[in-house]
Protein chains: 2
Amino acid sequence: MSPARGIADSAALRASNVARALSEIRRRGEAARVDLVETLDLSPATVSGIISDLLEADLIIEAPSAVAAGRGRPRIQLSLNPRARIVAGAKLSDDGVTVAILDFCGEVLSTGEVATDQATIDAPMLLTKIDIALKRALQGAKLKDRDLAAFGLGVPGFVDVESGLCHWSPLLSGAPIDLRALLSKRLSCPIFVDNDANLATMAELWFGHGRDERDFLVVTVEHGVGLGIVLDTQLFRGARGLGAEFGHTKVQIDGALCRCGQRGCLEAYVSDYALAREAGLAVKGATGPEDILDKLAEQAKAGDDVSASIYRRAGRMLGLGLANLLNIFDPPLIILAGERMQNHDLLATEIQRTLAANTLAVDRPSARVSVHRWGDQLWARGAGALALDGLMSRAPIAQAEVA
Amino acid sequence: MSPARGIADSAALRASNVARALSEIRRRGEAARVDLVETLDLSPATVSGIISDLLEADLIIEAPSAVAAGRGRPRIQLSLNPRARIVAGAKLSDDGVTVAILDFCGEVLSTGEVATDQATIDAPMLLTKIDIALKRALQGAKLKDRDLAAFGLGVPGFVDVESGLCHWSPLLSGAPIDLRALLSKRLSCPIFVDNDANLATMAELWFGHGRDERDFLVVTVEHGVGLGIVLDTQLFRGARGLGAEFGHTKVQIDGALCRCGQRGCLEAYVSDYALAREAGLAVKGATGPEDILDKLAEQAKAGDDVSASIYRRAGRMLGLGLANLLNIFDPPLIILAGERMQNHDLLATEIQRTLAANTLAVDRPSARVSVHRWGDQLWARGAGALALDGLMSRAPIAQAEVA
DNA sequence: AAAAATAGTTCTGTGACTGAACTATATTAG
DNA sequence: CTAATATAGTTCAGTCACAGAACTATTTTT
């Protein structure tokens with residue numbers, strides 16, 4: 001039985017259908033009205049009206065007529081108006097802060113970066129860093145603060161999306177920090193804050209491998225291990241609004257010590273620092289923490305068995321964690337994302353082997369595993385997608401009239 | 001951004017609101033129109049119309065006026081009409097088949113059971129057993145086949161809810177079996193089939209500890225270990241319509257051998273057969289498989305350390321599995337259900353300890369863990385709830401007119 | 001007995017959707 | 001070259017769900 005939720009009045013009905021139309025145009029890149037009639041299961045009359053509203057609000061534009069295939073009146077292709085909204089997305093990583101400016105289509109107009117020289121920074125420092133990176137990005141696109149319709153920020157750790165509060169982050173001191181309040185001092189546009197794994201997931205959903213899937217999982221492997229969950233084309237954030245904490249899934253009881261203080265966390269086997277910890281025994285004469293990982297990968301690829309065994313174990317643990325996810329969510333697709341995924345070939349075999357050995361086969365295809373290498377700029381783009389999503393998920397046209 | 005889903009036309013809008021009203025009345029047991037106005041966020045006028053339709057369809061009844069508290073016109077309490085629909089629910093366990101007959105309020109009118117003498121049965125045998133148990137149950141309630149508005153069946157294993165197909169079950173030979181087609185030979189009413197953990201979950205949602213929660217998890221511990229997930233008051237069945245497979249979550253890499261053929265499954269540590277396997281070393285002079293578990297529990301309670309250690313390990317593994325679930329779903333409530341939960345005090349300490357040690361504390365209350373002892377008849381009631389839910393989740397009034 | 005409070009109904013207006021008829025614009029057949 | 005056909009999109013009238021406001025109903029309080 002359906003529960004106490006759903007759309008109550010007809011205004012909400014229209015808003016929902018407008019959002020569905022806009023979302024479908026975004027997903028396809030281009031769509032004619034007939035396409036929407038079919039996909040959204042609405043009558044031509046209704047679609048006509050919705051599109052008319054969207055055109056009036058300048059959120060979409062009619063293409064100057066593409067190709068005319070077949071006979072009959074040629075379809076008029078509709079696409080998002082790139083200039084309809086400009087948003088900024090920021091990602092906090094242990095390198096520093098990266099900001100990307102996105103147009104309404106999600107294209108990156110410019111980026112700006114600033115490095116951090118400390119392991120953790122406090123709230124005022126974060127604001128300063130974001131300010132600098134944002135200024136650089138805005139300059140690159142020749143834009144001003146007030147051109148921004150929304151701002152999205154992703155940080156690792158526990159973030160409450162509703163309140164914009166960061167409960168804990170490995171990169172921030174002085175938590176809990178009200179990130180939304182903090183940014184509101186600097187910007188007057190709506191602020192959206194989320195866990196960084198959700199950024200990657202949003203980007204995969206909007207621009208990446210998840211574009212054509214209703215359900216998939218994104219596992220990010222970097223300094224930590226994150227998980228994003230898409231169910232029925234919607235980002236799922238856990239029952240209480242907090243992001244999924246996959247890095248601290250236990251893959252070994254009383255296992256390796258994790259930076260969270262517990263033992264046996266997945267992160268304690270597959271993250272950068274976990275690899276570096278073991279690499280000390282395999283790599284000689286490294287000049288720094290970055291270098292040791294590069295050398296480790298190099299040696300493993302060259303056939304050094306000790307080095308390779310470090311990757312093998314990481315792959316096995318990651319595979320085990322993924323197998324558990326598959327057993328619960330049963331998604332058709334899992335995306336592995338992250339900068340470290342450049343060495344995924346070192347992990348891949350073991351991941352696949354462990355997955356196969358630990359998931360139950362039924363008479364249907366098992367999940368595809370796809371790998372996506374990610375840099376900071378893609379994370380920032382995901383933060384921008386978050387901002388666009390936050391902006392558009394309510395009442396897109398009403399917002400247009402305000403603007 | 002909202003995706004390509006939602007309510008399209010206004011007929012669906014009404015259907016949705018009717019279902020919401022009905023669901024709310026069921027949840028509360030009794031509700032006045034004003035209550036629905038507040039809870040469903042609809043106008044008095046709309047609620048008036050919806051209730052009028054439901055009364056006309058005989059799905060609900062007006063109470064003969066309860067107490068008149070305070071001044072003003074006394075509210076007219078509405079409740080479900082118990083006689084509006086009669087459904088049957090069946091549960092296949094390794095003991096046999098249990099059937100329960102439920103009225104529209106979910107009250108059990110009668111039950112019927114039949115034992116099986118083999119470990120696995122095939123499709124014709126299943127149908128025979130269900131037939132016998134159903135006949136007994138119907139006799140008890142003085143009802144006929146054609147009084148049934150729907151039939152729900154729960155089996156352990158992999159079940160595709162949409163198609164009614166059982167891909168695999170530990171209790172059925174000859175899989176895949178089209179259970180819906182099988183039962184359609186015997187009954188002309190709609191048939192709903194699901195994984196048995198989902199039955200328990202549906203029952204907790206409708207009648208049990210989950211009644212007042214929007215989000216919770218149900219972990220069933222019996223001969224296998226099952227998981228049911230409720231998100232936003234809806235049973236979640238995995239991306240591809242299959243139940244969550246928690247029993248084969250891996251809690252130990254290359255761990256104990258499971259009956260699924262893999263190693264380290266949670267089930268291989270906490271299910272009946274796993275306990276019995278280890279109990280062989282601790283218990284002397286047991287007369288049979290049931291007896292060995294009873295003796296094991298007895299000895300453990302009496303302070304025998306070897307016996308207690310078996311429970312300790314089971315509790316630790318279950319705690320680890322639960323910790324991983326908490327990290328992903330972050331629910332406010334976890335319900336442990338099952339017949340074996342009679343010995344939960346033997347597991348409880350270790351579960352709590354492991355949970356505490358393996359979940360990350362943030363500045364908010366952690367999940368409550370509640371324990372619910374379940375017998376076969378409660379499972380069957382869950383199957384009935386499944387049937388009621390399936391029947392009502394679409395267009396309750398339209399169905400009334402057909403009937 | 002009148003006033004106040006609360007519950008529920010009826011009526012009217014707004015708006016969202018659909019179906020059907022219509023217009024627009026292309027290709028193809030003769 | 002014209003008519004037929006096919007496809008895309010618009011307009012208009014009708015239906016239906018909802019909300020707001022005025023109404024009725026029923027109780028307690030003053």
Side-chain angles (χ1 to χ4, degrees), chain A residues 2 6-21 25 28 30-56 60-78 395-398 401, chain B residues 2 6-21 25 28 30-56 60-79 395-398:
Chain A
S2 257
I7 291 174
D9 61 356
S10 55
L13 184 57
R14 177 57 160 233
S16 154
N17 281 332
V18 167
R20 290 205 300 153
I25 294 171
R28 293 181 181 236
E30 261 192 357
R33 289 168 179 81
V34 260
D35 296 325
L36 301 179
V37 167
E38 276 205 25
T39 311
L40 306 182
D41 200 31
L42 295 169
S43 71
T46 302
V47 169
S48 199
I50 288 172
I51 293 304
S52 159
D53 288 358
L54 284 172
L55 283 169
E56 191 148 351
I60 60 174
I61 49 178
E62 292 188 328
S65 163
V67 280
R71 62 177 167 174
R73 176 175 173 175
R75 37 184 67 188
I76 305 166
Q77 294 293 337
L78 303 164
I397 290 195
E401 279 159 13
Chain B
S2 256
I7 291 173
D9 61 357
S10 56
L13 184 58
R14 178 59 160 231
S16 155
N17 281 332
V18 167
R20 291 204 301 152
I25 294 171
R28 292 179 181 237
E30 261 192 357
R33 290 170 180 79
V34 259
D35 296 325
L36 300 179
V37 167
E38 275 206 25
T39 311
L40 305 182
D41 199 33
L42 295 169
S43 71
T46 302
V47 169
S48 197
I50 288 172
I51 294 304
S52 160
D53 288 357
L54 284 172
L55 282 170
E56 190 147 354
I60 59 174
I61 48 178
E62 291 188 330
S65 165
V67 281
R71 64 174 165 176
R73 175 177 175 172
R75 37 183 69 188
I76 306 167
Q77 294 293 337
L78 304 164
S79 58
I397 291 197

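Lettering follows sequence order; numbering is per chain, from 1. Reckoned from all heavy atoms, side chains included, excluding hydrogens, waters and symmetry mates.
From Gln77(B), atom CD reaches atom CZ of Arg33(B) across 10.5 Å, with rounding to the nearest 0.5 Å. Summarising the geometry, atom CG belonging to Leu42(B) is positioned 5.0 Å from atom CZ belonging to Arg20(B); distances are rounded to the nearest 0.5 Å. To the nearest 0.5 Å, the span separating CD1 on Ile60(A) from CG on Leu78(A) amounts to 5.0 Å. The CD1 atom of Ile25(B) lies 9.5 Å from the CG atom of Asp35(B); values are rounded to the nearest 0.5 Å.
In this structure, the CG atom of Leu42(A) is 15 Å from the P atom of dG9(D), given to the nearest Å. Per the geometry, CG belonging to Leu13(A) stands 14 Å off P belonging to dG15(C), to the nearest Å. Rounded to a whole Å, the CZ atom of Arg20(A) is 15 Å from the P atom of dA16(C). Rounded to an integer number of Å, the gap from Asp53(A) CG to dA16(C) C1' is 11 Å. Put simply, CG on Leu36(A) is 16 Å from C1' on dC17(C), counting in whole angstrom units. One interatomic measurement links the two molecules: CD of Glu56(A) to P of dT10(D), which rounds to 13 Å at whole-angstrom precision. Rounded to an integer number of Å, the gap from CG of Leu54(B) to P of dT9(C) is 13 Å. Distance Ile76(A) CD1 to dT7(D) P: 17 Å, rounded to the nearest Å.
Take the nearest nucleotide of DNA chain D for Arg14(B) and for Ala45(A): the residue whose nucleotide is more 5' is Ala45(A). Place Val47(A) and Gly72(B) on DNA chain C by their nearest nucleotides, and Gly72(B) ends up nearer the 5' end. Map Gly49(A) and Arg73(A) each onto its nearest nucleotide of DNA chain D; the residue landing nearer the 5' end is Arg73(A).
Phosphate proximity of dA19(D) to Thr46(B): present, with a side-chain N or O under 4.0 Å from OP1 or OP2. For dA17(D), the OP1/OP2 oxygens have no side-chain nitrogen or oxygen of Asn17(B) closer than 4.0 Å. Using a 4.0 Å cut-off, no side-chain N or O of Ser10(B) falls inside it from OP1 or OP2 of dA17(D). The side chain of Ser48(A) places an N or O atom within less than 4.0 Å of a non-bridging phosphate oxygen (OP1 or OP2) of dT10(D).
When the options Leu40(B), Ile50(B), Val47(B) are evaluated for a side chain to side chain contact (heavy atoms under 4.5 Å, CB included) with Asn17(B), the one that passes is Ile50(B).
For Arg71(A) against dA26(C), a side-chain-to-base donor-acceptor contact under 3.5 Å is absent.
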